[in-house]
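Note that the structure is a prediction, hence the values are computed from the model and not measured.
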Amino acid sequence: MTDALRPAAPQPLEKKDDGYFRKGCNPLAQTGRSKLQNQRAALNQQILKAVRMRTGAENLLKAATNHKVREQVRLELSFVNSDLQMLKEELEALNISVGVYQSTEETFTIPLIPLGLKETKDVDFSVVLKDFILEHYSEDSYLYEDEIADLMDLRQACRTPSRDEAGVELLMSYFLQLGFVESRFFPPTRQMGILFTWYDSLTGVPVSQQNLLLEKASILFNIGALYTQIGTRYNRQTPAGLEGAMDAFQKAAGILNYLKETFTHTPSYDMSPAMLSVLVKMMLAQAQEIVFEKVCLPGIQNEFFMLVKVAQEAAKVGEVYQQLHAAMSQAPVKENIPYSWASVACVKAHHYGALAHYFVATLLIDHQLKPGADEDHQEKCLSQLYDHMPEGLTPLATLKNASQRRQLGKSHLRKAITHHEESVRGVSLCKKLRNIELLQEVLSAAHQRSQLKYTQHQEDDDLLNLMDAPDVISKTEQEVDIIVPQFSKVTATDFFQKLGPLSVFSANKRWTSPRSIHFTAEEGDLGFTLRGNSPVQVYFLDPYCSAALAGAKEGDYIVSIQNVDCKWLTVSEVMKLLKGFGEDDIEMKVVSLLDSTSSMHNKCATYSVGMQKTYSMICLAIDDDDDKTDKTKKISKKLSFLSWGTSKNRQKSASTLSLPSVGVVRPHVKKKLTAPFSLLNSDSSLY
């Protein structure tokens, strides 16, 4: 009888094939991207060692009173600071290694800047979660060993996500799973003793916290970083590639903006509000650059109105990069942003500004206003190119006067050449940019083109007659904006749903240990009614019935009947199960909800080696109170499950607390699978 009725919600994770999770990439794969991440991890360890040495030397310098000792310590401190500076430069070189992430197709486009993934240390959930399950939920912790191992495997897979949508889905799935884990196992009034450590992607400095805020924020950062790597991987010589790249950078901006607005106290330089604001600007600037490439992809026709459009698009890109460079030059971002990134922003601002002036010069020099031409349209377009015309010139008169057109056009060429020279100089001043050959080739070609056109129209008295060319007004046919992350599109099933509905069985709720109630139904009358929905509550209890005399109380939650888990059963299902025993003895386990403790701000000391006091702060972990249990509220059941995949790590750690195991037979649950996922993805998306 009891075998015929099973809990409705926590279904087995049934799959059809042998793989269990969608796996991350093979961390041992010798791809360019994996080598960079391995170098990043090694540098993080060296930076940590150097920072600790510097901290020790600074403390010794404060404590020492002997003059010779202090001089010796100062000397050692100077060596340590030199080592740190060299390590910082090596990390900056990794952050500007744009060639590894670009499309493998032969293209003549300026490289885009991706973000590197944050590195982390291994975390062992097993002991802490087992103890909490036994202590808080009063359940045998060994029944959840597979679920704990699944959680650890999923986290491990997130360290090496594939560079495609599957990798993004993997990270988002873990982010959503952390929400379930936080509600199940992280009460707001105590620390769980699990230390999460993540390394700053820009400085290499490690930061540790004992709550999930840093873990969730770092996963969000890596989602944004992965989107940037996906965006740089597209072939930007095709319309589809340009659309995909632009979409990826807008999504990256959306994730980073969401991180900035949601996690405001993350004690890491790369996730500080000021730094995230700059990173959002950088992603949108690169998306705007792709819009310009979309306009130019079919070819730039030497036609008046087409040149006006391209010139204003180029001016728009130059403008956003100029704003980005200004933001990168402000404190406190200036101290930690890679110098090569700021140099790239400055170089691109001058480069696209030069292109805007070149295209305006071309339309003025190459196109004469002919009889029958649309004078009004051309006059309107020319007037909209400038805030104001140069002194003594009007749009219509300039269009009709060939000499004025030529003189104004040459002044734009001179300004274009000046911007080109500044962009080339910016590259020469940055050692990291000098190593990017493609960037130098693109800048050199554009510079030579402007010089050639100016030489063709140069006259002896140009230095005396040329006017100062006005700036070109920026305008775009497609204004880029952030794309808000759609977490609802990713399906994630709570690994620990066997514990019961989250609205009741969470870390925020407290209840009594399960009590066994032995009773019988007298003449078919149970002596009580039921209400609520998953889990069901005892209601209208007759104080003289068998169940009441055995210890049942009105408001008790029924968790099992004759060893059948009832936490997910509805009223009708529980009633059917109870009446199925007739007048036989029934064993029912119940729990009573205690007064819910109000949510408190949980102070969590943040360990941050070598961090400035501004960011090495006490972070507040604010956990939202669960709504009071609505005893008539219907809990929706999540039947779907998203598989990720990683190699199973079944090393079990023994719990420090244990129940008597005499006579207990450990159930063996065989997992089945729904979709096969190989260990390695295709070569194009390898880690």
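Looking only at atom types and distance, the side chain of Ser592 has a donor-acceptor partner in the side chain of Asp556 under 3.5 Å away. Of the N and O atoms on the side chains of Glu215 and Trp198, at least one donor lies less than 3.5 Å from an acceptor on the other residue. For the residue pair Asn508 and Ser506, no side-chain donor N or O sits within less than 3.5 Å of a side-chain acceptor on the partner. Checked by atom type, the side-chain pair Asp565/Ser560 shows no donor-acceptor distance below 3.5 Å.
When the ring pair (Phe, Tyr, Trp, His ring centres under 6.0 Å) test is applied to Tyr144, no partner is found at least two apart in sequence or on another chain. With sequence neighbours excluded, the residues satisfying ring pair (Phe, Tyr, Trp, His ring centres under 6.0 Å) with Phe496 are Phe185. Tyr199 pairs by the ring pair (Phe, Tyr, Trp, His ring centres under 6.0 Å) definition with nothing, not counting sequence neighbours.
Thr228 contributes a side-chain N or O that, together with a main-chain N or O of Leu115, makes up a donor-acceptor pair within less than 3.5 Å.
Residues Val207 and Leu214 come closest through the heavy atom pair O-CD2, 3.3 Å.
Open room surrounds CE on Met53; 12 or fewer heavy atoms of other groups in view lie less than 6.0 Å from it. Residue Lys216 places its NZ atom among more than 12 non-hydrogen atoms of other residues, nucleotides or ligands, all under 6.0 Å distant.
In this structure, Trp511 and Tyr137 have tilted ring planes: the angle between them lies in the 30° to 60° band. Between Phe196 and Phe186, the ring planes lie tilted relative to each other; the angle falls in the 30° to 60° range.
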Please walk me through it: do Met588 and Val559 pass side-chain contact (heavy atoms from CB on, under 4.5 Å)? CA-CA 8 Å; Met588 179 175 69; Val559 295; over 6 Å; no
With salt bridge (Lys or Arg N to Asp or Glu O under 4.0 Å) as the criterion, how do Arg159 and Asp122 come out once you've worked through the C-alpha distance, each side chain's angles and the decisive distance to 0.1 Å? CA-CA 10 Å; Arg159 298 178 69 174; Asp122 292 334; 2.3 Å; yes
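Under the 4.5 Å side-chain criterion, counting only non-hydrogen atoms from C-beta, Pro187 is not in contact with Arg510.
Partner of Glu139 under the salt bridge (charged side-chain N to carboxylate O under 4.0 Å, His left out) criterion, out of Lys130, Lys498, Lys567: Lys567 alone.
A centroid separation of 6.0 Å or more is found between the aromatic rings of Phe180 and Phe495.
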